[in-house]
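Quick notes on the structure that follows.
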Amino acid sequence: MQANVGDILLVHGNVVGQADRKAVIVEVRGPDGAPYVVRFGDGHTQFVYPGPDAVVLPGEPSG
């Protein structure tokens, strides 16, 4: 899964009633594009190696 800084990581809830989670990718650590450091809407950051329930969406263009 390839991603760039500024893209959105969307992790789908895998339990009925569990909401999807969105985070902004702030750092790409691997040569293949993963794992990532992401920042969630509440401000906390987390190191993530996305699984099959995750999708990368293009971020807003800067400039």
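Note that the coordinates shown come from a computational prediction; the quantities given were computed from them, not determined experimentally.
Tracing side-chain contacts under 4.5 Å through hydrophobic residues (I, L, V, M, F, W, Y), one never reaches V55 starting from Y49; they form parts of separate clusters.
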Quiz prompt | Full working for side chain to side chain contact (heavy atoms under 4.5 Å, CB included) between I8 and V56 | solution = CA-CA 6 Å; I8 305 296; V56 173; over 6 Å; no
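Tested against V48, the residues L9, I25, V37 include a single side chain to side chain contact (heavy atoms under 4.5 Å, CB included) partner, L9.
Checked by atom type, the side-chain pair D53/H12 shows no donor-acceptor distance below 3.5 Å.
Scanning all heavy atoms of the two residues, the minimum distance from D7 to L57 falls at CB-O, 3.4 Å. Of all heavy-atom pairs spanning V28 and A3, the tightest one is CG2-O, 3.7 Å. When all heavy atoms of D20 and G13 are compared, the pair lying nearest together is OD1-N, 2.9 Å.
Taken from CD in E27 to CZ in F47, the straight-line distance is 9.0 Å, to the nearest 0.5 Å.
Between F40 and Q46 there is a side-chain heavy-atom pair separated by less than 4.5 Å.
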